[in-house]
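First the structure, in the form of structure tokens, and then the observations on it.
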Amino acid sequence: MEQEQKWVRDIVRRGSRKAANALVHAYYDDIYSFVYRQIGNREDALDLTQECFFSAFRSIASYDAKKAGVRTWLYHIASHKVIDLRRCRKVQYFPIEDQELVDERDFAEDLVKNLSNQELLRQVEHFVCGMEPHIQEVFRLRVYGEYSFPEIAALFGQPESKIKAQYYRLAAKIRKWIELS
């Protein structure tokens, strides 16, 4: 964590390529995996990962270590890049608020266990893309980024209970959709 902050300072103050390369080297694989699990296409995942780091370096001067760690900040950027890609495909969103909450079992674990099938992964990802961008990001950070609810809540500046409710409503919709498929 301390090393990350040093890299950020060196990049901001001196435009250090060495620090930028170290930052990319430290997080590239994590960000690529995060994106690839959502996209399912190697070339698109490579492009989005690269875009994520370009965006990060363009806005690194505005990075605030008090709000999130570098890793979390990069995941946040990557999540938005995935949402932007999906938005280009003209997906219509539908509300999630009228769905009932499901039990507190961790849906992410169940989903990841069942997503060894690439086709099912693509279908679930397509379904999730029909949600509002904020809900998509909560889902992606929880399932693909393996963030805890408190971490996601802190990132969005919202109560943990609200994040859980959004996540579990989406989980119920996905379960129902899978049962009907």
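Computation of the quantities below employed the complete heavy-atom set of this structure, encompassing side-chain atoms and omitting hydrogens, waters and symmetry-equivalent molecules. What you see is a predicted model, and the numbers here were worked out from it, not measured in a lab.
Under the side-chain contact (heavy atoms from CB on, under 4.5 Å) criterion, Phe54 pairs with Gln50, Arg58, sequence neighbours left out. Taking Tyr63 as the reference, Gln5 meet the side chain to side chain donor-acceptor pair (under 3.5 Å) condition, with sequence neighbours excluded. Judged as a side-chain contact (heavy atoms from CB on, under 4.5 Å), and not counting sequence neighbours, the contacts of Ala68 are Thr72, Leu155. For Ala26, the side-chain contact (heavy atoms from CB on, under 4.5 Å) criterion is met by Trp7, not counting sequence neighbours. Residues satisfying the salt bridge (charged side-chain N to carboxylate O under 4.0 Å, His left out) test with Glu160, not counting sequence neighbours, are Lys164. Not counting sequence neighbours, the partners of Phe34 by the ring pair (Phe, Tyr, Trp, His ring centres under 6.0 Å) test are Tyr75. For Arg14, the side-chain contact (heavy atoms from CB on, under 4.5 Å) criterion is met by Asp10, not counting sequence neighbours.
When all heavy atoms of Val35 and Ala45 are compared, the closest pair comes out as CG1-CA, 3.7 Å. Minimum interatomic distance between Ile163 and Ala153 (heavy atoms only, all atoms of both residues): CG1-CA, 3.8 Å. Between Cys52 and Ala78 the shortest heavy-atom distance is SG-N, 3.8 Å. Shortest non-hydrogen contact noted between Glu146 and Arg37 is OE2-NH1, 4.1 Å.
Taking the six-membered ring where tryptophan is involved, the planes of Tyr32 and Tyr36 are essentially parallel, since the angle between them stays under 30° and well short of 60°.
The OH atom of Tyr167 lies 11.0 Å from the CG atom of Leu141; values are rounded to the nearest 0.5 Å. Here CH2 of Trp73 is found 6.5 Å from OG of Ser62. Values are rounded to the nearest 0.5 Å. From His134, atom NE2 reaches atom CD1 of Ile83 across 9.5 Å, with rounding to the nearest 0.5 Å. Taking CD of Glu43 as the reference point, atom CG of Leu48 lies at 12.0 Å (rounded to 0.5 Å). Going from atom CD of Glu137 over to atom CD of Gln166 covers 11.0 Å, rounded to the nearest 0.5 Å. To the nearest 0.5 Å, atoms CG (Asp44) and CG (Leu85) are separated by 6.0 Å.
Contact annotation: the side chain of Phe127 approaches that of Leu170 to within less than 4.5 Å [non-hydrogen atoms, C-beta and beyond]. The shortest distance between side-chain heavy atoms of Thr49 and Phe53 falls below 4.5 Å. At a threshold of 4.5 Å between non-hydrogen side-chain atoms, the residues Phe156 and Lys162 do not count as touching.
Evaluation of the salt bridge (charged side-chain N to carboxylate O under 4.0 Å, His left out) test over residues 64-77, restricted to residues two or more places apart or in two chains, returns none.
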N/O donor-acceptor pairs under 3.5 Å from side chains in residues 15-24, not counting sequence neighbours:
| residue | atom | partner | partner atom | Å |
| --- | --- | --- | --- | --- |
| Ser16 | OG | Lys18 | N | 3.4 |
| Ser16 | OG | Ala19 | N | 3.0 |
| Asn21 | ND2 | Arg17 | O | 3.3 |

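Not a single donor-acceptor pair under 3.5 Å links the side chain of Arg175 to the backbone N or O of Ala171.
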